[in-house]
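Data first, discussion second: the structure below is written as structure tokens.
Every chain is numbered from 1 and lettered A, B, ... according to where its sequence line falls, protein lines coming before strand lines. Values in this document were obtained by computation on a predicted structure and should not be read as measured data.
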There are 2 protein chains.
Amino acid sequence: MQSSTHAGRAGRPRSAAADTAILAATREALVDLGWSRLTLGDVAGRAGVAKTTLYRRWAGKNELVVDAVAELFDELRLPDRGSLAADIEGVVLQFAAILARPEAKSGLMAVVAESTRDDALRERIRTSIVERQKRLVLEGRARAQARGELPPETDPAEAARTADLIFDVVAGAVVHRTLVSAQPADGEWVRGFTQVLLWGLASRPAESPAG
Amino acid sequence: MQSSTHAGRAGRPRSAAADTAILAATREALVDLGWSRLTLGDVAGRAGVAKTTLYRRWAGKNELVVDAVAELFDELRLPDRGSLAADIEGVVLQFAAILARPEAKSGLMAVVAESTRDDALRERIRTSIVERQKRLVLEGRARAQARGELPPETDPAEAARTADLIFDVVAGAVVHRTLVSAQPADGEWVRGFTQVLLWGLASRPAESPAG
DNA sequence: CGCTTTCGCTACGAGTCGTAGCGTAATACC
DNA sequence: GGTATTACGCTACGACTCGTAGCGAAAGCG
């Protein structure tokens, strides 16, 4: 999207340090004030830049918060723990830990809400957050198929639909648990969720002993 | 919460018609303006009441929208279609249809976002929306156990945890599909989702032919 | 060194917020 | 029926935020 060096442009380049400071200040303001009370003037003050600088770089509050929150999810990793269930549990716990942070909570849901009436914003969220993390699903599936834990996929279109479905189920469940039910997505919950995701409700539930 | 007849109170009672008009006007404003541009002054104008009347009944925009949106979900029903899979598909499709409406989209997510910093608001959402609809999960489970489709539950605490988990998975997945992925939760998607919910990813995926 | 772009700062009109104050309308109690 | 009590509609208000315009200065590019 935005090349950090501005390539062939003439004139004074935009300060990359200002970008970093502004996004950090945005997260800080989300923690202190939440979404609704967050003002661009406040963020500018925290970041040590002029308010006009913010408006030169971002169209508004929505776009700024999307960029500020997107950085939080880039720390997600898919560690190889030997089994699909363990891999899922690991990444879901990471996701839950990020969602538990106040800057992620109040920011993410608010921009999603706004995106229902702003196609450009929804696309920005998809490209900078959702699609970016869908890699985890694809990689996890590939690993599990190599291990023989999941059947290999025949139709690539069907495989893409399934990946989208998994992402909706995983991300949606964790978000709902954390934000709506307001309960921690801790180890116990994640184990139960993973069991349902892999073997469903109809199978016998206590396949593995308590641990 | 609020008795409609005001029981033993003296003085002029609050107009029930005003309540109805205000909530309807709120949903109308959500459709036209979305969450962020919705103002209480605008709602008052649409409802034909004074702005001060709104502030006398609701603490603010958040509480008003929660009440306006909560009414939308009361139309959810759990029709008996003979099998657990069919029952799930039926209620999920209803839920998706409600979420597809613009007044639900923009309103629900916004108040959830605000509730991350407002305990009273989160509790209001839980009691007037979430807990209210959890009946569907409990009823569906009971029916399926009567049919022998699900194993009977031994520990009541474990059963409650499972019901919460199911609700988080179902509601979360549909919300994520509709609002974040911005794809319709149509019959095809719901069939795939129900298969995963009942039999998991590890079981054979294509039990039923394409339809 | 000039050209170009960004930056910080100030100021501004427009819009919204939530409340106070007033006179009036509608009901409960006696 | 009279009176107390509460809700209602209306107007006005200070405080705040918004997003932009305009200015001089700063920082790279050629």
Handout entry: Chi angles and distances behind the salt bridge (Lys or Arg N to Asp or Glu O under 4.0 Å) call for B/R132, B/E71
Key = CA-CA 11 Å; B/R132 212 177 165 78; B/E71 289 185 342; over 6 Å; no
Problem - Spacing of B/L84 atom CG and B/I88 atom CD1 [to the nearest 0.5 Å] - result: 4.0 Å
Fill in the blank from the handout: Rounded to whole Å, the CD-P distance (A/E63 to D/dG19) equals 10 Å
Practice task
State whether the distance check finds a donor on one side and an acceptor on the other, under 3.5 Å, for side chain B/R14 versus base D/dA7.
Solution key: no
Fill in the blank from the handout: Checking C/dT27, D/dT17, D/dC8 against the side chain of B/P13 (C-beta onward), the nearest is C/dT27
Practice task
List in numerical order all residues of residues 41-56 of chain A for which some heavy atom is under 4.0 Å away from an atom belonging to DNA chain C.
Solution key: A/G48, A/V49, A/A50, A/T52, A/T53, A/R56
Handout entry: A/T20 side chain to A/A16 backbone, donor-acceptor under 3.5 Å
Key = yes
Problem - A/K51: salt bridge (charged side-chain N to carboxylate O under 4.0 Å, His left out) partners, not counting sequence neighbours - result: none
Exercise for the section: Pull out every residue in residues 22-35 of chain A that has a heavy atom closer than 4.0 Å to any atom of DNA chain D, ordered by number, or say none. Expected result: none
Exercise for the section: Give a yes or no on whether a salt bridge exists between B/R124 and B/D67, defined as a side-chain N under 4.0 angstrom from a carboxylate O. Expected result: yes
Practice task
Would you kindly check whether a donor in the side chain of B/R12 faces an acceptor in the base of C/dT27, or vice versa, at under 3.5 angstrom?
Solution key: no
Practice task
Before accepting this row, confirm whether a basic side-chain N of the pair B/D118/B/R122 lies closer than 4.0 Å to the acidic partner's carboxylate O.
Solution key: no
Exercise for the section: Take the protein atom NZ of B/K61 and the nucleotide atom P of D/dT17, then report the distance between them rounded to whole Å. Expected result: 16 Å
Problem - Candidates D/dG19, D/dT17, C/dG18 - which lies nearest the side chain of B/L40 - result: C/dG18
Problem - Heavy-atom donor-acceptor pair, B/Q133 side chain to B/F73 backbone, under 3.5 Å - result: yes
Practice task
State, yes or no, whether a side-chain contact exists between A/R143 and A/D87 at a heavy-atom distance under 4.5 Å.
Solution key: yes
Handout entry: Integer-rounded Å distance: D/dG9 C1' and B/R57 CZ
Key = 13 Å
Exercise for the section: For A/R27 and A/A68, indicate whether the former's side chain and the latter's backbone hold a donor-acceptor pair under 3.5 Å. Expected result: yes
Practice task
Using whole Å, report how far CG of B/N62 lies from P of C/dC17.
Solution key: 12 Å
